Amino acid sequence: MSETPPLLLLRAAFDAVPIHCLDEMQLAGFLAAASTQHRAWVAAQRFRAEPGRVLLLPGLQGGLDAVLTGFAVNGGSSGSPQSAVIWAAAALSDRLPPLNYSLAPTWSLEARGAFALGWLLGRYRFGRYRKPGNDVEPPRLLAPDGVDADRIDRTAAALGLARDLINTPAGDLGPAELVAAVRVVAAAHAAMVTEWREDGALRETFPLVHAVGRASSRAPRVVELRWGDPRAPRVTLVGKGVCFDTGGLDLKPSAGMLLMKKDMGGAAVALATAQLLMAENAPIQLRLLIPAVENSVSGDAFRPGDVLRSRKGLTVEIGNTDAEGRLILADALCAADEERPDLLLDFATLTGAARVALGPELPAVFSPDPALLRQLCDLGLSEGDPVWPLPLWAGYDEELNSRVADLNNVASSGYAGAIFGALFLKRFVAATTAWAHFDLFAWNPRERPGRPVGAEAQCVRLAYQLIRQRFG
């Protein structure tokens with residue numbers, strides 16, 4: 001259900017302009033072999049291979065002979081060398097004339113792959129609501145030597161899917177449309193889909209999902225996708241699909257609602273990860289669960305002080321109706337945990353507290369499995385898709401206690417909000433030890449190359465690499 005046409009790498013080009021990514025020392029080597037005219041042009045432009053600077057080398061016949069760009073070999077301030085390459089390429093693809101280009105073969109295979117992915121990310125545009133015909137022809141990159149161009153194309157397509165879904169306004173993306181997006185992806189990969197949406201069936205099977213979504217005129221639902229060899233390792237992905245969040249009766253202020261179309265960012269990330277795994281024919285048995293709701297206000301809205309029964313049987317006192325994401329995830333995680341998967345990952349735009357602690361670019365990750373947590377953090381840095389660990393601090397657990405129910409959906413304390421959200425979810429994951437919870441922002445609040453203001457598909461590449469590393 002992507003609104004953005006896929007941007008693909010060229011497989012062949014006869015007249016591709018070479019791109020040279022250089023630091024100061026490499027520039028000296030390039031100039032030693034360059035023509036007199038090119039050396040004079042570089043000197044006249046005072047190009048010193050400063051990070052981010054671009055210089056076009058004109059040809060004698062009026063064309064373009066080469067592109068020089070400065071590059072910080074230590075990764076600069078981008079967090080890792082992989083990140084630096086991705087976002088340098090993204091910036092470049094947005095600045096060059098609409099010609100065919102090739103990457104000069106001076107980098108490692110891994111770096112060439114990162115450059116190609118960054119190039120495609122730099123060309124992402126969300127144009128669903130813009131007048132057609134205003135698009136500028138993009139520059140095109142020849143797939144660098146040795147890289148798996150098909151995989152890079154599929155990765156960019158998955159990231160574009162997540163971004164498109166998150167960017168789509170809630171008026172055009174409610175629970176039904178989110179389920180439809182899952183069905184489109186499933187059909188492309190011959191996956192099985194099950195949907196719970198009838199009032200009685202949903203109330204019995206996923207009672208917390210029903211309670212959160214019942215106030216909306218757009219009926220709540222849960223969608224499940226299954227794919228892969230039933231004999232293979234079991235991997236389950238769960239994504240929070242709150243298509244719009246008013247806060248419920250604990251109503252958000254207007255400023256707090258402005259970005260709430262992105263509150264289904266976890267579902268978009270989970271679906272994009274599933275699409276990439278299926279497209280790459282990963283050797284797993286995949287299960288995707290997305291509870292899809294709109295948290296609205298009406299006479300049938302759930303109330304502060306209500307006591308709701310979960311799928312697990314635990315009763316939950318509602319301390320705040322704006323802590324609804326953990327409620328729908330609780331039912332979905334319980335359903336996932338019942339099958340004891342070999343790996344369980346959930347993704348959610350769950351708490352503002354995680355953003356206060358880590359900012360918008362660094363999702364928080366929680367896990368009771370120390371080895372899994374270390375692997376996620378290490379992989380995130382190496383892939384340029386970082387996360388940061390926060391603790392499931394057992395000493396805080398009792399603050400979720402309730403006088404009238406098994407637990408409350410919010411803590412009595414105003415501190416450690418991201419930890420309390422994760423501790424709440426942990427109550428519903430009893431059998432699966434290899435579980436990780438990602439509390440992400442799924443949004444770029446400022447404009448940068450390859451990362452326009454709007455949706456961001458955080459943790460998709462990280463989750464994919466984790467699964468491939470663990471299961472082949």
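Keep in mind that what you see is a predicted model, and the values were worked out from it rather than measured. All values below come from the heavy atoms of this structure, side chains included, with hydrogens, waters and symmetry mates left out.
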> More than 12 foreign heavy atoms under 6.0 Å from CZ of R53: is that the case here?
yes
> Within the 4.5 Å heavy-atom criterion, are D229 and P283 side-chain neighbours or not?
no
> Which heavy-atom pair separates I166 from A442 by the least distance, and what is that distance?
CG2-O, 3.7 Å
> Between R163 and E456, is there a side-chain N and carboxylate O pair less than 4.0 Å apart?
yes
> Check for me whether K262 meets the cation-pi criterion with F441, that is, NZ or CZ under 6.0 Å from the six-membered ring centre and within 45 degrees of the ring axis.
yes
> According to the interplanar angle, ranging from 0 to 90°, do the rings of F428 and F424 count as parallel (below 30°), tilted (30 to 60°) or perpendicular (above 60°)?
tilted
> Please list, chain by chain and in numerical order, all residues satisfying side-chain contact (heavy atoms from CB on, under 4.5 Å) with L466, sequence neighbours excluded.
L343, L345, L372, Q375, L376, L379, R470
> Counting neighbours of CD on E398 that are heavy atoms of other residues, nucleotides or ligands and sit closer than 6.0 Å, is the number greater than 12?
no
> Go through the structure and list residues passing ring pair (Phe, Tyr, Trp, His ring centres under 6.0 Å) with Y464, not counting sequence neighbours.
none
> Closer than 4.0 angstrom, basic N to acidic O: yes or no for E195 and R183?
yes
> Say whether, by atom type as modelled, one donor and one acceptor occur between the side chain of T351 and the main chain of A354 under 3.5 angstrom.
yes
> Does atom NZ (K312) have a neighbourhood of more than 12 heavy atoms from anything else shown, all under 6.0 Å?
yes
> V365 and A436: which non-hydrogen atoms are nearest, and at how many Å?
CG2-CB, 4.3 Å
> So how far is it from E50 CD to T69 OG1, rounded to the nearest 0.5 Å?
10.0 Å
> Give the intermediate values and the outcome of side-chain contact (heavy atoms from CB on, under 4.5 Å) for residues R303 and T321.
CA-CA 7 Å; R303 294 163 286 269; T321 63; 5.7 Å; no
> Do other residues, nucleotides or ligands put more than 12 heavy atoms under 6.0 Å from Y129 OH?
yes
> Run the salt-bridge test on R374 and D378 with the 4.0 Å N-O cut-off and return the result as yes or no.
no
> Are the side chains of L462 and F438 in contact, using a 4.5 Å heavy-atom criterion?
yes
> Looking only at heavy atoms, what is the nearest atom pair of L390 and A418, with distance?
CD1-CB, 4.3 Å
> Does any part of the side chain of L289, heavy atoms only, come nearer than 4.5 Å to the side chain of V238, both counted from C-beta?
yes
> One pair to check against salt bridge (charged side-chain N to carboxylate O under 4.0 Å, His left out): R446 and E361. What are the steps and the verdict?
CA-CA 11 Å; R446 61 190 178 98; E361 298 176 26; 3.1 Å; yes
> Going by heavy atoms in the side chains, are K240 and R326 under 4.5 Å from each other?
no
> Between L400 and L423, is any pair of side-chain heavy atoms under 4.5 Å apart?
yes
> A quick test of your reading: do over 12 heavy atoms of other residues, nucleotides or ligands sit less than 6.0 Å from OH of Y396?
no
> List the steps and the verdict of salt bridge (charged side-chain N to carboxylate O under 4.0 Å, His left out) for R427 and D397.
CA-CA 10 Å; R427 300 281 189 102; D397 201 52; 3.3 Å; yes
> Kindly give the heavy-atom pair with the smallest separation between E294 and P175, and that separation in Å.
N-CG, 4.1 Å
> Do N167 and W443 come within less than 4.5 Å of each other through their side chains, counting heavy atoms only?
yes
> Give the minimum heavy-atom separation between L327 and N409, together with the two atoms involved.
CD2-CB, 3.9 Å
> Test your reading of the model: is there a side-chain donor-acceptor pair from D337 to the backbone of A431, 3.5 Å cut-off?
yes
> Salt bridge or not between R112 and E110? Use side-chain N to carboxylate O under 4.0 Å.
no
> Does the ring of F302 carry R214 above it, NZ/CZ under 6.0 angstrom from centre and within 45° of its axis?
no
> Would you indicate whether the side-chain heavy atoms of L425 and L329 approach each other to under 4.5 Å?
yes
> Think R448 forms a cation-pi with W87, using NZ or CZ under 6.0 Å from the six-ring centre and within 45 degrees of its axis?
no
> Less than 4.0 angstrom from a charged side-chain N to a carboxylate O is my criterion; do R355 and D439 meet it?
yes
> Between E339 and R226 (salt bridge meaning N to carboxylate O under 4.0 Å), is one present in this structure?
yes
> Is any side-chain heavy atom of P220 less than 4.5 Å from a side-chain heavy atom of V212?
no
> Mind running side-chain contact (heavy atoms from CB on, under 4.5 Å) on H210 and D199 for me, showing each step along the way?
CA-CA 8 Å; H210 177 268; D199 192 61; 2.6 Å; yes
> Please find the pair of heavy atoms, one from G248 and one from V297, that lie closest to each other, and give the distance.
O-CG2, 3.4 Å
> Measure from NZ or CZ of R311 to the centre of the six-membered ring of F206 and say whether it is under 6.0 Å with the direction within 45° of the ring axis.
yes
> With a 6.0 Å cut-off on ring centres, are W107 and F71 close enough?
yes
> Is R154 atom CZ crowded by more than 12 heavy atoms from other residues, nucleotides or ligands, each under 6.0 Å away?
yes
> Run the salt bridge (charged side-chain N to carboxylate O under 4.0 Å, His left out) test on D94 and R125 for me, step by step, so that the C-alpha distance in whole Å, both residues' side-chain angles and the decisive distance to 0.1 Å come before the verdict.
CA-CA 11 Å; D94 200 31; R125 303 289 186 273; 2.5 Å; yes
